[in-house]
Every structure is written in structure tokens, then in C-alpha cells.
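These notes concern the structure reproduced below.
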Amino acid sequence: MDFVEHPGRLYVVATLLPLASFFLLLLLGAIRNAARPYRESGLGRTIYQLCGGDRPNTIGAYVATTAIALSCVLCLVGLVWFLQTHPVSDSHGHAHAAGHHDDHGHADDHGNKAGDKPAEKEHDHSAIVEHVDDAWAERITFARVGSLRPEVDKRIGLELQLGYRIDHLAAVMFAMVTFIATLIHLFSAGYMREELDTPVVDHQVHLPSGEHLHRRGRYSRFFMYLSLFCFSMLNLVLADNLFQVFVSWELVGVCSFLLIGFYYERQSASNAANKAFITNRVGDAGFIIGMLILWTYVGTLNFQDLTQRVRAPQSDAHNEHYALHGQLVRLQPEGEPSADGRQLYRWTPDGSGSHVALFPMSSHWHGIGNQEEQNQEIRVRGGRIDRYGVIPYFMLTIAGLGIFLGCVGKSAQFPLHVWLPDAMEGPTPVSALIHAATMVAAGVYLVGRAFPLFTPEARMVIAYTGGITLFVAATIAIVMNDIKKVLAYSTVSQLGYMMLALGIGGWVAGLLHLLTHAFFKALLFLGSGSVIFGCHHEQDMRKMGGLLTKMPVTAVTMLVGVLAIAGTPLFSGWYSKDAIIAQGLGFAAVYPQHLLLLALPLITAGITCFYMFRMWFLTFTGEPKDHHVYEHAHESPRIMTIPLIVLAIFSVIVAWGWPVWSAHDSFLGKVLHAAQPAAVTADLSVVESLVHDHDGWVHPAAGFLAFFAAAIGVIFAFLVYHFRTLDAADTKEQFAPLYRLFERKWYFDELYSALLVRPALVVANWCRLVDAKGIDGVVDGTGRAAVAVAKGHGIFDQGAIDRVANAVAAASQAVGAGLRRIQTGRLRHYVVFLVLAAVGTFLVLTYFLSLARADQ
Amino acid sequence: MLDNDMLLMTLVIFLPSVFALGLLFFPNDWKEGMRWFALLGSGITLVLSLFMLVDYLNLLDQAPTGDRAPWHGSAASLDARVEAENTRQASGQPGDSMDYVGKRPWIRRFNIEYFLGVDGISMPLLVLTTALSFLALIASWGIDRYVKGYLMLFLLLETGMVGTFLALDFFLFYIFWEVMLLPMYFLIGVWGGPRREYAAIKFFLYTLLGSVFILIAMLGFYFTDVSPFIEPAAYKKAFDALPRSTPPRGPQFFAEWRAEREGQVEAHTFDLLVLKRVGAAAFLHLTGRTDEIKVNVPVWNNANQVTAVEQKEIGQLDESQKKLAMSKLEQPFFTRGFQVAMFLLLFIGFAIKLPMFPFHTWLPDAHVEAPTPISMILAGVLLKLGGYGILRIAVPICPWATQADIWGSSLAWWIALFGIINIVYGAFAAMAQTDFKKLVAYSSISHMGYVILGIAAWRVVEGRTVGEQYWAWGMNGAMFQMMAHGISSAGMFFLVGVIYDRAHHRNLDNFRGLMEPMPLYGGVSAIIFFAALGLPGLCGFVGEVMVVLGTWNFSRTFAILAALTVVITAAYILWTMQRVYFGVNPAYKDYEDMNLRELVTVAPLVVLAIALGVFPSYLLLSWMEPSVTGLVENLVSLTGRG
């Protein structure tokens, strides 16, 4: 474990620590359950007691929290180390003239500071992704077929790898994930306390006899699942290739399944768990298709390699600078393929070609499209990673959309958003960790990582999907009465913001929002968990009210979270939301036909403020609506409130920069900017120059618009829920159809049930019948026919052949019986026969003798 | 007499039968003794097969080429080893005792040999067989009627299975193939469930039908004169065995006499490797590259004697020799119709066992009625024999047929289509089942569809293979899927058996709430079921993802369909878990969790499922892959490269 030479391995250890915790707890639980039948005496008893005995274990909390806390420490150390060796330059916002991106040669600085490897230069001919050297990136083989260098060994080769590549984005994500996870582990240690009761009473499950369910506690199991989840999530962030991301993708899905279905005796919980996993699998199918296309055409799944092949590098092997740096180079095929299968492709400067060039990953090649006469065409035959290749443009778009479909599933975007609200069946810390801060953020993270692979059409789909999602989810959140459902739809909506931002080129904006949102959404969820815990598992806001005096810490911290999500200046959400609106404004200014991509986020900003303040007012202010709940409400223990306070502090300061009041000087933003791929500025150069012109009109205008929208939302919230000027019930009556639409969640569940679930069951039943009646009918029919033929044979045998045989037998018997009568017993008869026989013989002999004499 | 490797291989095959005979001496009522004795036999066989595995890994290590990793060495391939062995035998040298191929003449009249050998394709399946047999015997402790008969038949079955994987002579292969049928019939028909007679006879007749097809093909191959393609030493032997004939005096008659002598040489064989060469020759002939076929050519000296036999391409032969070679190529074997017909016969024969739609309906019935350990063996091993047969026999001997144009698409495309039908149809049918075991049976059918898809994905465009690395990828995935499915399927059937032993029913609608009284069982089930679902980190994922990754190059539609089916797979597996383990059901609250015996049976499967999912390359792929990729290389070299 050479950490000085390979500091990136710190992150590998940080990822594997939760896995170790998981296996330890799994083994402990398995041994305990295996020893349970033998727990009466002897060795079995010893083992059983050692692994916890009859009472529920608390060891799970200790092991899991220690593991994740250690991970957090390692990640923070790694972050500091990385930032020291890869300092963030201050050139954010300056010198972004269209087309020339010389200062994106951060690569050169970093290469020199982190330890020069001159020989590397030959193969690293691109700064189209952030340059990190071997100290922060490594790979191993997961599955390999054949040789990888066909010119040395004639065998054929492909390889799936596992590896890591730490850049600024990964370092920051690691720090965020581990930090929030540690806080949530601490929170859960308090929240899940009732799993330590003996027995646990589940009030939502009714046995046939009428009473509530009594069961054993599952305290340690919760932390075991949390550990597995942390490992999967960290592996996702660590991954440097799509395959590893997919592996983690599914693993976080399974952890989500296990955790949503934690109270599995409840039918609603196991249904929700199934729904989550299956909906995610639909997205995964798209992900697989995206992987298939890239694997078959490009031959690799590594992010860096993919980007280097798909996008024009900074310079070619002859170190000539590329004017097309970071762009998709489009080609048009010309003529028919030659006899040996080579096809000619010509560069199309106007970008109308039907194919995209795939640059070789080798040391000797000329740059196509580099403005020189001889670099206008290439000849391509077959796919090899060390030669030029092509991928049809629409295939690249489909691949991008496939990967995006995976992100849609994971990040609960329209139309695969239906699982997230149901996922609130799980314990609240789970909702905080998985369904707010981390797992659902994975989709956004992947869109950010895979950004260079998206064609402009794919990006537009991403942007509009985000736009629709953020609006639809916000409208539903207005009418929800369950505190967790409000937060769930709020999460969906905010994820839509991130997707929209990424789609229109706000790479830093979207990912900055991901980071800030993780903090304040985790805070809000944990706060709601504290409320639920304090109100003894009451989740309906219509039964709350006036809890400010009873749970002051929770109330104040949640207010901080609400202010953050509303985009109040100086709170972390302000920086990221401002950036998104600014990007939207810049994009709409350049492409006025996409005005919707500005209007939707603005309007929804107002709606967001409205429903968030509505939630806060309903819960904490006003008259208590249910006195029973109010009487027994209490503040949560310190182990739960301390994480709240810490998260509240971070919800304010995490995006601060210098000067603090400047929205686009966020330090976190600058860190993220260092990891931005060149494709962002290459594809959207005009928009970028507009948005990042700090002396221009975009940022002030965006700030004003955002503030205005938020203010409207807050004012309405105050009017309806605090000052009671407008009556909520009246409004509900007036807009009844709209209300119903929102309350029924835009009828998505009903739509999917009718369109997908029921037809699938019908098809399944049909398949079963085809087998049972159809194919087996033929098989059994053949069997019956064979038996009938056999019977026919039998009949034939018995009837015909046997009859012949019997007839012959009868005939011979008759003849015998007849001949028997010659034996009369009288001598004179025998004498007559003798004489007759003698005469007869004599006659026959004479006849034959005469014949013989006639011959001669 | 027998080299070490032949001895070891023979022992691994026949030791179970020896123990079966030994069981005869046990009194009928000493059931425990008989069970332990049989387990001992199976255990020793398992240990021997593990010795073989270690030896095979050593073998791979010792035969490197160039600067590549030693396990890619071509000197370790089966073809190279057999050729070396033949050369050694012909020149009278003692055989290499560690090369794991061995040949002894058996029935000389028909040129049938006792020919055994392993390579990367049969070795993992061999270890899987012995391991699953051992575990299934542990699971057989609950069998109480006619224990002696059961154990004897089981051990006989194991002999048949192991022999099939080791045999490289078609006749020997066929004998072992048939040896498996009868014990299975009785094992299902006597110790099975309510409809056992129906299931047993359905299984038996269906599989026998397939066997008959294989027999026809085998005879078709035997009656072909393969003298241009047998080993040179054997050719010389055949030449020396011709009846004596004095050569003519005048040199002007030499050529004619020599040609006549050469024409008299005839050879018939069951040797699978020779037949593979003949199949390759047929491919070259039918695609117009006849000149590249290598044939045996005797070398005459001035005294009109044949001193040696060499192999030359037809294009380099002189007139008379070419005429002779071309006349050999006129045999029915080298015609289009014969190739396709034989391939179809072989393929259908093996596909019945795979099982492939529409020949699959014997499987649900056989699985439902068979006792738990027999289900484990059936799913874990017998299904793999179908895939193995296709890989070892059908595709290498009739490769041209896979590219034959049938109604506008290659036969390989049609086979892949049936593979996709398996995947999708099996998944949907599984979703509609209410019998737990039948559901697992249909999920087996669905998983074997991936095997068919991986094997069939050979894309040839205008005589040139396009994307051969993707076919190799898919083929390796198919082999891995066979191993992974063996583990997860056997595990699933065992787990169904565990609950059936307690509840005495398998109705999915009547379970619920098993997690509470049996948490260990629930946890183990979760792992095995997730392995069947193809969750990354478990064994079922690697094979599936490799096959699907290799399919896009072959056919986009199939790849998309295979990718979309993961949703259905997840749906029925999760729904099943919900119906069986989650929820509340007071009726089962007194059920006992898995006891030690059950745990010992399923624990190795769990460990393997996780290990193979996390370290696929190190544990299996690295030593299996050279043989599979070698097979693909051999076939692809028959076409041009795209």
C-alpha cells in the first residue's frame, strides 16, 4: 500500500472500508443464526453468545460508523492532498474567448507539479479531460479475452477493467458522500433505537388475529445494509469506466431495495422496494444499450479513453495544436468501400456529416480536420482502438440517450420518477442518505462524467427531461400532506434542476447544485426524521403544528435548510441556483426557441419556495392541530440533533468563496471548474462566453429574476399559512380538478399500471399457456398418437396376423385329425395301402425312367 | 500401461461406478453406512478432479508463447497436445504423463478409441460436475426408500456425466451420453413427486429422441472416408496395411499404379479432433477456398515404397494427387445439404438437452417431479451437456452450416433468434408460474438462452468475419454463464427443496413471511436469488454481461431484446422473494431454520457465487478463456477477417 507514490489508493481504501464492515456484520449475523438452533449448550452456546445472543446487537452501529468515519477522514486527507498538488487556478470567468482554450492547459501545470513523466506526453495528447497522472489513476483487469495487441500476438483482444481516476470532481464528491454518510450513521444510531426493543411492535402490520405484529429487532442489519450502500456509492464515484459505474449502479439499487423494504412485513414497503428496483432496471436496460453501442464501436468503456476517442484532442502526435479541440468531428462517407473493405470518409467543416470520427489511441497519427489539405479524409476498415474509426452520429446520440435513460431511472426523472415517493416507506435516515444526498445524485454525477459523450440532440433531451421533471414534481409537492412525500418530490424537482443545468451546458452549475443540495436536503430529511421521531411516528403534517416550542433545534435547523433550498442569498443554495438560472438565461438569449428552459426553472423556483415554507409553517408554527401529538412531542436526543446542527452549518457555508456576496465566486465552483471537460466549452462556446462574462448583464439579471420568483413564492406561503389571509381550503375548492391532478401525481401510477404492469402479466400468462397447452399439447398428443398407433398395431397383431397364425394352426390340426383316420387298426386295410403304395411307387419310377431315357 | 494422466482421468470417470458396485455388499437396512460410503466415493472423485485442475493450471503455466501471459500459450491447446501425443505414440515414445490427453485403441475393427482429454472448456465443467454431485449427495440424506438403489443409480449417473466431459472419441462420448439417461429415468420415476412416471418417461423419450439424432449424425460422419485428414502417422499405418501388390516394371506405369494405391487408402474415424479438421476442410471447400485445404500426401521413394506422409495444401499438389483429393471431396460430407442436415441433427439433439425453445417442455415437468438432489444435478450439470455438445461437436464439425443461408439469414442468426426466444419467453413464463419449482425451471430456460446467444453470435459478411473479438467475448460469456448458472440454479433448487421439506407444498400464493422464522435461510436465498437475477458482484452477472456485450456486433435487435429482458427477470425474481419471504404469516412461525446439513450443502454454492462474481478473471476466466478463444480463432481463420 504505497500511499506516497499512489495517493489515489487512499480512496480505494476509503471505498473498501464500508465493504469490510458489511462482510463482518454479514458473517456475524450468519454465524449467529446458524448457531441459534444449538444455543442451548456447549460450543453452540458460546458462539451464539459471542455473536450477540438473544438480544439485538448494537455492534452494527459501532462497526459501520467507525468504518465510514475512517473513510471520511481518508477522503478529507485525500482532498487536501489533491488540492495541494492540483491547485485551483483563479482564471475562472476570464479569458473564455470562443474557440481558443489555451488556459485549459491546466494540464501542463499539474503535470509539472505532481511529478513529471516526460515519456507520458507521447501518449497523453489531450487535455480534453482534466489531466491526472499515475499517482491518482490506476486500472486492473476484471475480465479479459485474448490479446490486446493484435499486431504483436495475432490473437484478438477485449478487456473489461476496474480502476480509479481521482480528479477534482471525484475528490469533492468523495468528501461530500463520506461526510454526510457519517452524520447519517450517527443520526441513525439514535433514530433506529426502537429496533433494540424486545419485541419490536409494528403498528402498521395487522395479523389475521387482529393484533399488531411483534417481531425481533433488526438494528445491526440496518447498519449492515448502510455499509453495503456506502461501499457501492463510493465505488460509483471512484469508477473510471462505465462498466464499474454500472456494477455500482446495480449494487446501490439492491441496497435501496433492501433498505426501502426494511420493514418488510408491511405490504406497502415490499411493494415500494420492488417498484424501486424494477423501475431502476428499466433505466439499467437503457444503460446497457448505451454501453453496448460504445463497446462495439469505440472498443472501450473507460471515460478518459472514450473522451479521447470521441472528441478531438488538444493536439495530435506531432504536437500540432488542434483548432477543433474538444469538438465532435463529423465525417461523411464517400463512394463505395474498396475491395478489402476500406471506406473513405471526408471531413465536413459545416458539421453536417453522418458519422463521427473516432480518434486513434496510438502514438502515430495525423489529425483529421486540422485545416491542412492532407488532413481532410481518412480511410477506415473495421474497429481497432489504435486506428481511426467512425461511429454513426445517430448511434452516438442513441448511446448517449441510453446512458441517460439509466440516469433517468436512478435520479428519478420523468418518466421514471414514480419510485422515489414510494421509497419513503423506508426509515427516514435511508431517505436522507439514499434518496436525497447520494444515490439519486449518482445519475446527475454520471451525466456530468459522461458529458463529452452526449451529442447536442442528446443534451437537449436531457435538458427538457430535467425541465419537465422539475415542474411536474414541484406541482405535486404543493399538495402533499406527508412531510416526507413533500421532501421526496422536492428532491425529484431539484434533481430536475441539475439535469436541466447540465443539459444546457452549465456543467459547474449543475454539479455545484448537486453538492449543495446534498447538504441541505439531507438536513431537511434528517430534520423531518427528528420530527417524526419526536411525534412518535406521525408523518402527516395536518396533525402537526406549533412544534417550534417543543423542538427548537429541529425547527431552527430545518428553517436553515428551507432558506437554503429557497436560494436565500449567502446560503449555499443561492450560489448554485443562481448559477443555474444564469446559465438558463444565457442559453435562452443565444437560442430563443428554448425559452421554456428558462421559464420552467424560474417559475418552479417560486413554487419551491412556496411549498417548502408551507411545510415549515404547517409543521412548526400555528396552532397544534392534534393535541395528542403535541402533548407527547419532544426534542430528539443529542445524537440526532448534533448532525442536524453540523449539516445546518454546512448548508450555509459549503459554497462560500471570496468575496462571499458574489454568487459566482464560490470556491467549490472553482474546484469543480478545474474538472470541467473541454467538451462543455467546445459545444457551447457562445453561451459560455456570455454567461461567464462577469461584467456582463447575465448574472445580475439572473440574480434579480431568481430573487423575484423566490420572493413571490415566499410571500404566497406567508399569506396562506402564516397570516392566513388566503384560505388553503378555499383555494383547494376553487382549483379542484388541478388539485386532483396534483394529488393523484398526474396519474402516472395508474398509467403505468395499465400500460405496462397488466400487459406484462397478460403476456406472462399467455406464455405459460403456450407451454402448458400448446407445446405440451403437441408433445402429449404425439405421445397419445404413438400409443394409439401401438394399440392399432396391437389390434392388427391380434386381429389379423394372429388370426392367420391361428388359422394355419387350426388347418394343420384339421388335416392331422383327418389323416388320423387312416389308422383303422385293421390289417387288411394296411395290406391294401401297402399294395397301393407299391403300385404307385412303381408307376412313378417308370415315369421318371422313361423321362430319363427320353432325354438321352 | 496407463500414463498418470490417463490413469487419473479414468479413475475420475469410473471411481463412482466402483463405489456403486461396492454398495452391493451393504445390507439394505444400513442406510447411514451406504450414504457415507457413496459420499466418500463422490468426495474422492471431487478431490481427484481438483488434482486434475491444479495439474491443468500447471500445464498452462509451462507452455508460454512470446511475451504474452503464459496461459495464452498455444502449445497448451488441446489440438497441439493431441498432435504431440500422436506423434509420440507413432514414433513409439512413451506418452507425456502430464498433458492430460490420452488415447488407447479399444474396438479396432471400427477404429474406436478410448480417447480422453481435457481443455479449458471441459475442465471447469468437470469440476462443476464432481462438486455438484458431492453436494447433491449431501442433500440426498433425506431419501429414505430403496436407498441402495438410489445411491447406485446416482453414482452411475456421475460416471456418465464425467465421462461425457472427458471423452474425445465420438463413440465413447455417445456411450457415456446414453449411460446418463437410464439412471435419470429411474431417479425421477421412482423417487419423484406425484406425477413422476409422466415426467420420467417424458424426459427419457425426449432426450432419447435427441440421442437418436446424434447417433445418425455420428454414423454419417463415420461412413465418410477421412483419410486425407487423419494424422500422418495413422495414414502411413493405413497405407502399410493395404494388401500387397507388386509394382509394375516399367517406370511409365509407376504414376498410375501409385495413384491406384493411394486411392485404396480408406479411413473411418470417430475421433472428434480429426472430424473437426474434416469440418474445417468442408468449410473451405464450400466457400471456394479448396486450394487451402491441407491433405495427407504420401512420399514415394524410388523403390515404390511410401517412406513418409506429409501434409500439403491442395493448391500445391500435382495433377494426380489433386484428382485424388478432389475425389475425396466429392463425398456427401462435403456437400451443402449434408452439412446443414448433420448440423441440424446434432444441434437439435443437443438443444433438446439445453433446453431450447420449442424443445424445452420436458424440463419444467422433470424438475417439478424430481427429488431435490436430482433437480440440482439436472439443472446444474445435465443442461450444460447440451451446451458442451454444441461447442465440442456440432459447431466444430459442421461450421459451414452455421453460416448457411436459410430464408435470407444465416443459420447462426436463426439459432440466436431461438436463444432470444428462450431468454424472453422463459422470463415471461416464469412470471406466470405459481409452483415455486416450476418458476425456477423456467428461469433456467431463460438463462440458458444466453448460452445459445453467445455461441451463435458469429457474424460473417461476404465471406469475412466482422468483429471476431466480440464473438470470442460472447462465447466466453456463454461458457461462464454455464458455470454461473450451474451454481445459482443448483442453489435455487436446493433452497426450494428446503422449504418443501418443511411445508410440503410449493404453492407461491401460500407462502409469505418466511424471513422471520428462518432468517439464515432468507439471507442465503437472497444471495442465490440475486445471483440468478444477474446482480453485479455475483456470478450470474458476468456471463450475462459478456454475452450481451458481444451481441450488438451480431444483431442490434437481439442485443436490445436481451438488455430489456433484465427488467422482466428482476420483476419475477423480486416478486417471488416478496411472495415467499416478506410479509407476515403466522402459520410458519415455528419452522426451523436451516440445519447443519443443509447449511453445509448450500454454503459452498454461496461462497462460489460471490467469489466468481468478484474475481471472475482470476478464478475461472483466465484459464478457461484460452481454449474458448482458441476455438473461435480456429473457426474465424476459416473465413477472412473484416
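All values below come from the heavy atoms of this structure, side chains included, with hydrogens, waters and symmetry mates left out. Just so we're on the same page: letters track the sequence lines, and every chain starts at 1. Here the structure is a predicted model, which is why all the values come from computation and not from measurement.
- Annotation: residues 269-278 of chain A contacts chain B through S270(A), N271(A), N274(A), F277(A), I278(A) [non-hydrogen atoms, separation under 4.5 Å].
- Heavy atoms of K202(B) lying under 4.5 Å from chain A belong exclusively to its side chain.
- Counting only distance, with no hydrogens or angles, the side chain of Y470(B) and the backbone of W295(A) share a donor-acceptor pair below 3.5 Å.
- Nearest approach of W473(B) to L158(A), heavy atoms of both residues: CZ3-O, 3.5 Å.
- Of residues 355-362 of chain B, those residues lying under 4.5 Å from chain A by any heavy-atom pair are F357(B), P358(B), H360(B), T361(B).
- Looking at every heavy atom in both residues, T296(A) comes nearest to L549(B) through OG1-O, 4.3 Å.
- For N585(B), no part lies under 4.5 angstrom from a heavy atom of chain A.
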**Asked** Step by step, would you call D776(A) with D365(B) a side-chain contact (heavy atoms from CB on, under 4.5 Å)?
**Response** CA-CA 10 Å; D776(A) 258 355; D365(B) 286 309; 3.6 Å; yes
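- Under a cut-off of 6.0 angstrom, the local environment of CD in E197(B) is crowded, with over 12 non-hydrogen atoms contributed by other residues, nucleotides or ligands.
- Rounding to the nearest 0.5 Å places CD1 of I288(A) at 8.0 Å from CD of E544(B).
- A donor and an acceptor atom, one from each side chain of Y521(B) and N33(A), are nowhere located under 3.5 Å apart.
- Contact of the F257(A) side chain with the F530(B) side chain is registered, since non-hydrogen atoms from C-beta on lie closer than 4.5 Å.
- In this model, a donor atom of one side chain and an acceptor atom of the other lie less than 3.5 Å apart for Y198(B) and D780(A).
- Taking CD of E159(A) as the start and OG of S617(B) as the end, the distance is 8.0 Å to the nearest 0.5 Å.
- C767(A) is not listed as a side-chain neighbour of M431(B), based on a closest heavy-atom distance of 4.5 Å or more.
- The most heavy-atom pairs under 4.5 Å with chain B, out of I775(A), I289(A), L26(A), L258(A), come from I775(A).
- For a residue to count as touching a neighbouring chain, one of its non-hydrogen atoms must lie under 4.5 Å from one of that chain's; by this rule V282(A) touches chain B with backbone and side chain alike.
- Top candidate by heavy-atom pairs under 4.5 Å with chain B, chosen from V778(A), I293(A), L213(A), is I293(A).
- With a threshold of 4.5 angstrom between heavy atoms, V614(B) approaches chain A through N, CA, C or O but not through any side-chain atom.
- Although no hydrogens or angles enter the test, the distance criterion places no donor-acceptor pair under 3.5 Å between the side chain of Y264(A) and the main chain of G513(B).
- Between R281(A) and L533(B), the closest side-chain pair of non-hydrogen atoms falls below 4.5 Å.
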**Request:** Carefully, step by step, assess F142(A) and F615(B) under the rule side-chain contact (heavy atoms from CB on, under 4.5 Å).
**Result:** CA-CA 7 Å; F142(A) 180 76; F615(B) 300 111; over 6 Å; no
Result block: side-chain N/O donor-acceptor pairs under 3.5 angstrom for residues 560-573 of chain B, not counting sequence neighbours:
{"from": "T565(B)", "atom 1": "OG1", "to": "L561(B)", "atom 2": "O", "distance (Å)": "2.6"}
{"from": "T569(B)", "atom 1": "OG1", "to": "T565(B)", "atom 2": "O", "distance (Å)": "2.9"}

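- Heavy-atom proximity under 4.5 angstrom to chain B picks out F246(A), V247(A), E250(A), L251(A), V254(A) from residues 244-254 of chain A.
- Proximity of N765(A) to F428(B): side-chain heavy atoms (C-beta onward) are nowhere separated by under 4.5 Å.
- Contact annotation: the side chain of E265(A) approaches that of E516(B) to within less than 4.5 Å [non-hydrogen atoms, C-beta and beyond].
- The minimum heavy-atom distance between R144(A) and L621(B), with the atom names listed, is N-CD2, 4.1 Å.
- When heavy atoms are compared at a cutoff of 4.5 Å, L160(A) approaches chain B by way of both its backbone and its side chain.
- At least one side-chain heavy atom of R768(A) sits less than 4.5 Å from a side-chain heavy atom of Q433(B).
- Neither the backbone nor the side chain of R32(A) comes within contact range of chain B; no heavy atom of the residue lies under 4.5 Å from a heavy atom of that chain.
- By the 4.5 Å heavy-atom criterion applied to side chains, M546(B) and V145(A) are counted as neighbours.
- To the nearest 0.5 Å, atom CE of residue M395(A) and atom CZ of residue R556(B) are 3.5 Å apart.
- Looking at P586(B) and S209(A), their side chains never come closer than 4.5 Å, going by heavy atoms from C-beta outward.
- Within 6.0 Å of CZ in R597(B) there are more than 12 heavy atoms belonging to other residues, nucleotides or ligands.
- Neither the backbone nor the side chain of F287(A) comes within less than 4.5 Å of any heavy atom of chain B.
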